[in-house]
There are 2 protein chains.
Amino acid sequence: MSSIKDVAREAQVSIATVSRVFNNPAVVSNQTKTRVYSAAEKLGYTPNFSAKTMRKSIVGTIIVMIPDISNTFFIDIVRGAQDYAETRGYNILMGRFDIHHFDLQKYIKLVKSKAADGIVMAIGHNRHFAPVAEAKGIPIVTIEEEFMGNPYIYVDNFEAISEIVEYLISKKRSQIGFLGFKSERERLLAFKNAITKNNLKYDEELIKKGDEFGEAVYASAREYVEAILKIGKIPDAVVCASDVLAAGVIKWLIKNGLRVPQDVAVTGFDNIEVAELVQPGITTVEQPREIMGREAARLLINKIEGHEVAKKIAFQTRIVVRESA
Amino acid sequence: MSSIKDVAREAQVSIATVSRVFNNPAVVSNQTKTRVYSAAEKLGYTPNFSAKTMRKSIVGTIIVMIPDISNTFFIDIVRGAQDYAETRGYNILMGRFDIHHFDLQKYIKLVKSKAADGIVMAIGHNRHFAPVAEAKGIPIVTIEEEFMGNPYIYVDNFEAISEIVEYLISKKRSQIGFLGFKSERERLLAFKNAITKNNLKYDEELIKKGDEFGEAVYASAREYVEAILKIGKIPDAVVCASDVLAAGVIKWLIKNGLRVPQDVAVTGFDNIEVAELVQPGITTVEQPREIMGREAARLLINKIEGHEVAKKIAFQTRIVVRESA
DNA sequence: CCCTCCTTTGAAAGCGATTACATACATAAA
DNA sequence: TTTATGTATGTAATCGCTTTCAAAGGAGGG
């Protein structure tokens, strides 16, 4: 590939002038500018990225880390972040973490070595991270959970779950079960709180906290339905901590001859595509995922560029009513 | 941040020695090595990425471009690519293209400017790309479709659709409809071919090629079901070009009082999570998505590193039978 | 004891750009 | 005409690292 030197020679100017043409065109005369442009064109010149960032302090790349679940929830966050990053001239490097890949250290290293400028960690609720000494001083923004005092974006789970429970109560449901993963503990706490606040019975037998990761969604829903069928205690509503769980529960209820929502109402969480695709459609809680991604990117980039940023930003959820409840 | 110079001073050696310790430790004595290591540790030294790649020809980053649909199909490809890339020490830069973001040029530029080494384009079937002059000479591997003579990974849609049609015939279905997007034209052609090959009637009224992008899945399925209901010609099976379409079709059939699969069998394509979550589960065609992603990354990285690579690699699909057919 | 060879290290060039500083020339002000 | 000011360009230092080449010192062979 041709370098700035080649262009300089071709255009018969110094390399400084060539550099100016691309970075500060205002200061160079029109005549030279055209000479340089056509030389660059002729040689197919593209400025070398590494050389540039070696002199500049900002690289123009941010890392977005998401858990390794094929969950549209996180994908939308990435999309939002990317949309925004683009407008500020930043690229997105995909990061990942799950039980198998706990690579925070690796990404921190990428930032330290100036391969990227900072990290958005889409943590997900109640996945906890021990502080990492090396992470100090590098720009980080998290989603859903605080991490080492860095800014974060979140939604109020307590309020959301509370709303959905109250919605069910308004529909005359009184025996309400809950299904979620352990990692969604906050949603369970919120559920417990909402139940007792409204003077309903918090029935441990109708509660299940799955232990698993990723693939286990389907099995977990099935086990839940089979368990309540076995003890013969059928709730008139089930609050699920995610839409996929809700879809699974609906599937197994119907398979066992129960009607949704007539016999059992089911609610989800997240409002991903699935919620609309299944029959009956799932009543769920919508979180502004893309916007959360955007905001995370915005905060991060502002931080990178040295501006003062908010400590935390909360977003409102919204109940989307479909047929399942 | 501290540089190689600082470490050199701290360890009382030359910068050349420090560099050797990190790149070619075999040639330096144990004594010096330990001195350098502890100096590096003490100063929190991380080699600067840009400086390094300015001297080396390989950056260690590949771009994976996917269409901007929240489709787990593409996400799995990215995951596969990332899994593999990691083992070779490469990172993934997220690229994107859709009607709104046709940014191939931008990514090509990233490669030309040595911010990345090459591109995996997860094109998707029958999305066509006009050749791009600038793309010449840069390492590219595509998925599902050939592009400018570059290597590509694909599955045989013809065979897959043919198999699914024959499976339906074996289940005594004879009036078979098709629903797909325009972009899935090859699957439609394959469908047509399979129908006529088996001496069934290819009935235009039972075929719908949606025009839309992204969000339109749900509406498209609904329109299809309403259309066949209106003309009163109910097929005994519907082949859908994707699982989300199939889920939508099932939903609307059930809503209109039809039974799946008793009245109408429905098949999908891709075997994404949804296929298992809905009731009835969707009989579909599985593509080895992650593996395709891996292979794409492998081909690309080999190409980047100057090895000879295959021209194209085909993968086998597999029918996953569930309840919907 | 001298010569050769090997191991270990340092000096310095160069990768491709940005940018502070200097210079040259033209123009406006005195 | 002389001086001050501004515009356009060039020179050279610098960013952090890799790598070639050379040199120093020790070990082994004759």
**Study point:** Salt bridge flag under 4.0 Å for residues Glu86(A) and Lys106(B)
**Key:** yes
Check your understanding: Asp117(A) side chain to Ile58(A) main-chain N or O, any donor-acceptor pair under 3.5 Å?
Key -> no
Review point. When you check the gap from the basic side-chain N to the acidic O, do Lys42(B) and Glu10(B) get nearer than 4.0 Å?
Key: yes
Exercise for review: Check the distance between dT18(D)'s P and Phe22(B)'s CZ and give it to me in whole angstrom.
Suggested key: 10 Å
Check your understanding: If only atom types and distance count, is the side chain of Tyr107(A) paired as donor or acceptor with the main-chain N or O of Arg96(A) below 3.5 Å?
Key -> yes
Point to revise | Rounded distance in Å - NZ (Lys5(A)) to C1' (dG10(D)) | key: 16 Å
Check your understanding: Hey, is Glu305(A) close enough to Arg88(A) for a salt bridge, meaning N to O under 4.0 Å?
Key -> yes
Review point. Between Ile58(A) (CD1) and dT18(C) (P), how many Å, whole number?
Key: 15 Å
Revision key, fill the gap. Its contact letters, B for base, S for sugar-phosphate only and - for none at protein heavy atoms under 4.0 Å, make nucleotides 4-12 of chain C read ----SSBB-
Practice item. Compute whether any side-chain donor of one residue and acceptor of the other, for Ser113(A) and Thr46(B), lie under 3.5 angstrom apart. Key: no
Study note, to complete from the structure: Rounded to whole Å, the CZ-C1' distance (Arg35(A) to dG10(D)) equals 13 Å
Exercise for review: Before accepting this row, confirm whether a basic side-chain N of the pair Lys109(B)/Glu134(B) lies closer than 4.0 Å to the acidic partner's carboxylate O.
Suggested key: no
Check your understanding: Do Ser38(B) side-chain atoms and Thr34(B) backbone N/O form a donor-acceptor pair below 3.5 Å?
Key -> yes
Practice item. Give the ring-plane orientation class for Phe22(B) versus Tyr37(B), where under 30° counts as parallel, over 60° as perpendicular and anything between as tilted. Key: perpendicular
Check your understanding: Rounded to the nearest Å, what distance is computed from the CG atom of residue Asn24(B) to the P atom of nucleotide dC17(D)?
Key -> 17 Å
Point to revise | d(CG, Asn23(A); P, dA20(C)) in whole Å | key: 12 Å
Check your understanding: For atom CE of Met1(A), is the number of surrounding heavy atoms from other residues, nucleotides or ligands below 6.0 Å larger than 12?
Key -> no
Check your understanding: Does anything in residues 107-115 of chain B reach DNA chain D, meaning a heavy atom under 4.0 Å, and if so which residues?
Key -> none
Revision key, fill the gap. Atom CZ of Arg9(A) and atom C1' of dG16(C) are separated, to the nearest Å, by 13 Å
Check your understanding: Tell me: CG of Asp6(A) to C1' of dG16(C), nearest whole Å?
Key -> 10 Å
Point to revise | Residues from residues 41-54 of chain A lying under 4.0 Å of DNA chain C - heavy atoms | key: Tyr45(A), Thr46(A), Pro47(A), Asn48(A), Ala51(A), Lys52(A), Met54(A)
Check your understanding: Is the closest side-chain heavy-atom distance between Pro47(A) and Ile4(A) below 4.5 Å?
Key -> no
